[in-house]
There are 2 protein chains.
Amino acid sequence: MSQFSTIARHSGISAWKQIADQISRSISSGEFDDTGMVPPEMVLAEKFGVNRHTVRSAIASLAEEGLLKRVQGRGTLIEKRERLIFPITRRTRFSEGLGKQGAEMSTRLISYEELEATQDIADALALPPGARILRLRTVGSADGQPVSTATSHFDKARFPRMAELVGRHHSVTKAFAAQGVDDYVRVSTEVTGRTAAVEEEAYLKLSPGSVVLVALSVNADLEGRRIQYSRSVFAADKISLKLDTASV
Amino acid sequence: MSQFSTIARHSGISAWKQIADQISRSISSGEFDDTGMVPPEMVLAEKFGVNRHTVRSAIASLAEEGLLKRVQGRGTLIEKRERLIFPITRRTRFSEGLGKQGAEMSTRLISYEELEATQDIADALALPPGARILRLRTVGSADGQPVSTATSHFDKARFPRMAELVGRHHSVTKAFAAQGVDDYVRVSTEVTGRTAAVEEEAYLKLSPGSVVLVALSVNADLEGRRIQYSRSVFAADKISLKLDTASV
DNA sequence: TCTATTTGTCTATATAACTAGACATATCCC
DNA sequence: GGGATATGTCTAGTTATATAGACAAATAGA
């Protein structure tokens with residue numbers, strides 16, 4: 001941490017939350033790797049210029065999340081978790097990328113609806129505005145832990161059974177295969193970040209104010225026809241995206 | 001937005017801040033594009049289940065940021081800003097990618113230091129641990145607006161004048177060219193997200209609690225030798241990263 | 001075993017955030 | 001012009017957050 005890590009008062013974020021975020025960042029950057037522990041509460045309190053109780057609130061929230069473990073008389077131990085790496089390549093599939101890191105992947109269908117293509121959907125799928133679209137909401141899990149939630153759009157005329165098939169196979173790739181698309185490629189991916197919406201917090205089991213990565217992506221079949229337009233939301237503290245530029 | 005109380009109490013994030021975030025998200029997703037205005041304060045207050053004054057605090061903070069403009073008797077107007085798109089390709093350069101969108105780019109050297117390579121730096125640059133490293137802190141701006149801040153690492157033996165040259169040319173690409181590297185390519189990019197550190201808030205002129213994208217990247221010369229290892233931090237509400245895999 | 005260190009718990013007080021209501025003032029539309 | 005709608009401002013009371021201090025209880029090391 002830097003010499004005088006300050007707390008912004010009246011910023012809409014309580015002091016303990018800001019301190020929790022800073023401790024979390026310090027842990028991620030390996031600042032306490034030598035001891036495997038967070039400094040004593042009194043030391044942190046002085047460093048941040050706050051009361052010890054405020055530091056305790058911060059530590060309590062991180063302990064609740066499982067990032068820290070407090071032992072009376074001893075100190076506060078770090079239970080470090082590495083982020084899963086989600087590779088984004090021309091051949092990106094949710095099930096494969098993380099699966100190679102030993103995680104058991106599955107996609108659960110939450111809901112679906114039918115709608116008319118708005119301008120952005122029509123552009124992405126190269127369809128006329130107003131075309132019938134199937135929108136699926138899914139949650140992707142690695143080893144039972146939800147790591148992403150996606151809203152995906154498909155041309156209803158071409159993939160009328162998408163919802164049913166994703167629900168049955170727990171995989172978009174398999175649902176495509178069952179509808180005659182044996183292979184497909186990622187065309188583009190645009191990534192940004194923001195705080196999670198309440199709905200996303202629920203699906204991804206995040207605490208309020210958690211940061212998420214938002215990826216807008218387009219897939220196409222091997223003839224170049226657009227088949228899927230998705231907005232995927234990843235829990236930023238569980239996932240990092242690896243962008244493959246091997247030969248772009 | 002959904003009907004239920006979408007504000008998490010006692011979460012460390014004040015009600016007005018959560019409401020500001022939600023309004024901001026709704027604007028980004030185009031929810032108010034038909035009117036170009038935010039709903040009246042009383043409507044929002046009822047929707048979020050809070051007092052009108054709390055909504056006013058949220059709107060005040062967004063107005064301060066320039067995202068909203070309030071007109072008495074009329075309503076609250078949206079001053080929409082699109083995110084700049086930062087393309088990530090094999091030939092990614094800070095100056096070029098955004099420049100194509102009509103922005104005037106520059107890189108300002110903030111500070112530099114010399115250090116011994118830690119394990120992660122040594123791995124990224126394919127150097128032995130303990131090798132002498134030059135670390136540069138820079139801020140990248142588009143049209144005078146800071147959009148990213150980077151901490152970059154170079155092999156001091158090969159690029160001893162890196163700090164001086166970046167400071168003079170306001171460009172890493174030009175600094176490389178002045179040291180015999182006419183062309184280079186992006187080897188890898190890994191992206192995650194978190195809230196900004198105090199230092200980053202200062203450099204990027206962000207409000208406390210802002211979300212940033214963090215990109216860890218490695219560049220290599222055309223012989224494949226690693227020449228740069230950077231951690232770049234982007235203001236997520238100003239920038240999105242785009243990976244084009246149309247022909248990887 | 002004794003002491004220093006560190007987390008756990010309690011009470012009390014001050015400050016900030018939120019609620020509640022009233023009324024002023026600017027804009028739009030009939 | 002006048003009514004309806006919307007933001008602007010003020011006062012007061014309540015609830016949540018942060019500060020302050022004291023002491024208990026568990027751990028580690030001399």
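Computed over heavy atoms, backbone and side chain alike; hydrogens, waters and symmetry mates excluded. Every chain is numbered from 1 and lettered A, B, ... according to where its sequence line falls, protein lines coming before strand lines.
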**Student:** Who pairs with E64(B) by side chain to side chain contact (heavy atoms under 4.5 Å, CB included), at least two apart in sequence or on another chain?
**Tutor:**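 None.
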**Student:** Heavy atoms of chain A, cut-off under 4.0 Å: which first and last nucleotide of DNA chain D, 5' to 3', fall inside that, if you could look?
**Tutor:**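 Answer, 5' to 3': dT17(D) to dA28(D).
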**Student:** Nucleotide range of DNA chain C contacted by chain A, 5' to 3', under 4.0 Å to a heavy atom?
**Tutor:**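 Contact span on the strand: dT5(C) to dA17(C).
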**Student:** Do any of residues 52-70 of chain B sit with a heavy atom less than 4.0 Å from DNA chain D, and if so which?
**Tutor:**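 Heavy-atom contacts with DNA chain D come from R52(B), H53(B), R56(B), R70(B).
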**Student:** Look at E116(B) together with K156(B) and state whether they make a salt bridge at an N to O cut-off of under 4.0 Å.
**Tutor:**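 Here E116(B) does not pair with K156(B) in a salt bridge, since their nearest N and O are not under 4.0 Å apart.
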**Student:** Is the closest side-chain heavy-atom distance between I239(A) and R83(A) below 4.5 Å?
**Tutor:**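 They are not in side-chain contact.
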**Student:** Should I27(B) and L68(B) be marked as a side chain to side chain contact (heavy atoms under 4.5 Å, CB included) after you check the CA-CA gap, both sets of side-chain angles, and the distance that decides it?
**Tutor:** CA-CA 10 Å; I27(B) 291 172; L68(B) 297 178; 3.7 Å; yes
**Student:** Sequence neighbours excluded, which residues qualify as side chain to side chain contact (heavy atoms under 4.5 Å, CB included) partners of E46(A)?
**Tutor:**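 Per chain and number, E46(A) pairs via side chain to side chain contact (heavy atoms under 4.5 Å, CB included) with no residue.
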**Student:** Return the set of residues passing salt bridge (Lys or Arg N to Asp or Glu O under 4.0 Å) with K238(B) (not counting sequence neighbours), or none when no residue passes.
**Tutor:**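 With sequence neighbours excluded, K238(B) shows a salt bridge (Lys or Arg N to Asp or Glu O under 4.0 Å) to no residue whatsoever.
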**Student:** Check Y203(A), F94(A), F86(A) against F234(A) for a ring pair (Phe, Tyr, Trp, His ring centres under 6.0 Å) and give me the one that passes.
**Tutor:**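 For F234(A), the ring pair (Phe, Tyr, Trp, His ring centres under 6.0 Å) check succeeds only for F86(A).
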**Student:** Select from E41(A) and R9(A) the residue whose nearest nucleotide in DNA chain C is closer to the 5' end of that strand.
**Tutor:**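 Nearer the 5' end of the strand: E41(A).
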**Student:** Hey, which sits more toward the 5' end of DNA chain D by its nearest nucleotide, G73(A) or I13(A)?
**Tutor:**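 Checking each residue's closest nucleotide, the 5'-ward one belongs to I13(A).
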**Student:** Report yes if some heavy atom in the side chain of V38(B) is under 4.5 Å from a heavy atom in the side chain of I78(B); otherwise report no.
**Tutor:**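 Yes - at least one pair of side-chain heavy atoms lies under 4.5 Å apart.
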**Student:** Would D33(B) and K80(B) pass as an ion pair if we require N to O under 4.0 Å?
**Tutor:**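 Judged by the 4.0 Å cut-off on N to carboxylate O distance, D33(B) and K80(B) do form a salt bridge.
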**Student:** Go nucleotide by nucleotide along DNA chain C from the 5' end; which of G12(A) and M37(A) gets its closest nucleotide reached first?
**Tutor:**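 Taking each residue's closest nucleotide, the earlier one in sequence belongs to M37(A).
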**Student:** Evaluate the side-chain proximity of T54(B) to F48(B): yes if any heavy-atom separation is below 4.5 Å, no if none is.
**Tutor:**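 Sidechains of T54(B) and F48(B): no contact.
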